[in-house]
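See structure below.
Every chain is numbered from 1 and lettered A, B, ... according to where its sequence line falls, protein lines coming before strand lines.
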Amino acid sequence: MPELPEVETIRQYVEQHSAGKTIETVRLLLPRLVKNASPETLIRTLTGVTIENVSRKGKYLFLHVSGNTGLLIHLRMTGSLLYQEQYEPVRGEQIIFSLNEGCLIYRDIRTLGCLWLVPAQGATGISGYDTLGPDGNSPAFTEAYLRDALAKTKRSVKTFLLDQTRVAGLGNIYTDEALFHAHILPQRPCCQISPAECHQLYEAIGMVLNQGLRHGGTTIRNFINGSGKEGENQKFLCVYGREGLPCRTCGTVIAYTKLGGRGTHYCPHCQK
DNA sequence: ACTATCCTGAGT
DNA sequence: ACTCAGGATAGT
């Protein structure tokens, strides 16, 4: 579910409301969500610490706490992190951190999310995290970098954009949207993309991510932000979830196919 | 480059 | 009852 804009929306709210507060108790209702520590270790390590800040890299959230410790969180499909002033049970809640003021709740309907206890500085040893490429809307992600990376591979541009080690933060929704705005078909081999198209793609990636962020994320099924509200960006999607509907630009029916096992949406007229 | 896999819930 | 879902990884 959550891609960069959704995770960043959650990060901002959670950091604003939990930084400087102390974790008084930890209730872990589903221990298998924690991948590299026993329930006892997690609870012992996090009880009594102060939340310093919350950062994000790609789709990972990183809760930095006192004592050179961090809690790394990947929300996968349906995870979310909520802050509440007053504890109120929510559907699918799995971990409850009671703070000296309010509480943080990790909730995850499909329970596919992952949490790891990591050092606050240096490498985490978590494979997906340490190998992340630059965020798609960050200055580290440059057009020259994208052009070089595309030239090196002949796999489809959609598969490339979903590869978090190349560019971080794009999932199935923003990938399809970026390719629409760049006028590039998802199945195009990367090495056949022209410099002009690469420029369009570079601009489109930044644009769709920042637009998603401005609209507080995309809610298709069950994304909710840190305060439990839905995003607004679904109203602005051009292709994702619009198969069979007319293209907003040219009126051609939006097509649907499977690419690398993922549902893929595109306009057969606007995208070449 | 595929497929299966971890899960639950919604839609058909 | 069956298929599908916004992610990532391990296996072939």
Task: Nearest-Å distance for atom pair CD1/C1', residues A:Ile126 and C:dT9 - done: 14 Å

Open item on the list: Work out how far the P atom of C:dA1 is from that of B:dC7, and round it to whole angstrom.
Closed with: 22 Å

Open item on the list: I want to verify a distance call: between C:dA5, C:dA8, B:dA1, whose nearest atom is closest to the A:Tyr256 side chain?
Closed with: C:dA5

- [ ] Tell me what A:Thr218 touches on the nucleic acid: a base, only sugar-phosphate, or nothing, going by heavy atoms under 4.0 Å.
- [x] base

TODO: Using whole Å, report how far CD1 of A:Ile73 lies from P of C:dG7.
DONE: 18 Å

TODO: Write down the distance between CD (A:Glu3) and P (C:dA5), rounded to a whole number of angstrom.
DONE: 14 Å

TODO: Only one of A:Thr175, A:Asp163, A:Asp176 passes side chain to side chain donor-acceptor pair (under 3.5 Å) with A:Lys158; say which it is.
DONE: A:Asp176

Any N/O pairs under 3.5 Å between the protein and nucleotides 7-11 of chain B? List them or say none.
unit_1	atom_1	unit_2	atom_2	d
B:dC7	O2	A:Arg110	NE	2.8
B:dC7	N3	A:Arg110	NH2	3.4

Open item on the list: Heavy-atom nearest nucleotide on DNA chain C for A:Tyr129 versus A:His265: which residue maps closer to 5'?
Closed with: A:His265

Open item on the list: Using a 4.0 Å heavy-atom cut-off, does A:Lys258 contact any base of the nucleic acid, only the sugar-phosphate backbone, or nothing at all?
Closed with: sugar-phosphate

Open item on the list: Between A:Tyr202 and A:Phe141 (judged by ring centroids, cut-off 6.0 Å), do the two rings come close enough to count as a pair?
Closed with: yes

- [ ] Figure out the CG/C1' separation between A:Leu162 and B:dA1, and round it to whole Å.
- [x] 14 Å

Open item on the list: If I take atom CZ in residue A:Arg76 and atom C1' in nucleotide B:dT5, what distance separates them, rounded to the nearest angstrom?
Closed with: 11 Å

Task: Close side-chain approach of A:Leu99 and A:Ile23, heavy atoms under 4.5 Å - done: yes

Open item on the list: With nearest nucleotide decided by heavy atoms, which residue, A:Thr131 or A:Asn172, maps closer to the 5′ end of DNA chain C?
Closed with: A:Asn172

TODO: Run the salt-bridge test on A:Asp108 and A:Arg76 with the 4.0 Å N-O cut-off and return the result as yes or no.
DONE: no

- [ ] Please check if the side chain of A:Gln200 supplies one atom and the backbone of A:His181 the other of a donor-acceptor pair under 3.5 Å.
- [x] no

Open item on the list: Ignoring hydrogens and geometry beyond distance, is a side-chain donor-acceptor pair present between A:Lys21 and A:Tyr83 at under 3.5 Å?
Closed with: yes

Task: Separation of B:dT3 P from A:Arg262 CZ (nearest whole Å) - done: 14 Å

TODO: For A:Glu6, answer base if it contacts any base atom (sugar-phosphate contacts may also be present), sugar-phosphate if it contacts only those atoms, and nothing otherwise; contact means non-hydrogen atoms under 4.0 Å.
DONE: nothing

Open item on the list: Can you see whether A:Tyr174 engages A:Thr218 through a side-chain donor-acceptor pair at a distance of less than 3.5 angstrom?
Closed with: yes

TODO: To the nearest Å, give me how far apart CE (A:Met77) and P (B:dT5) are.
DONE: 15 Å

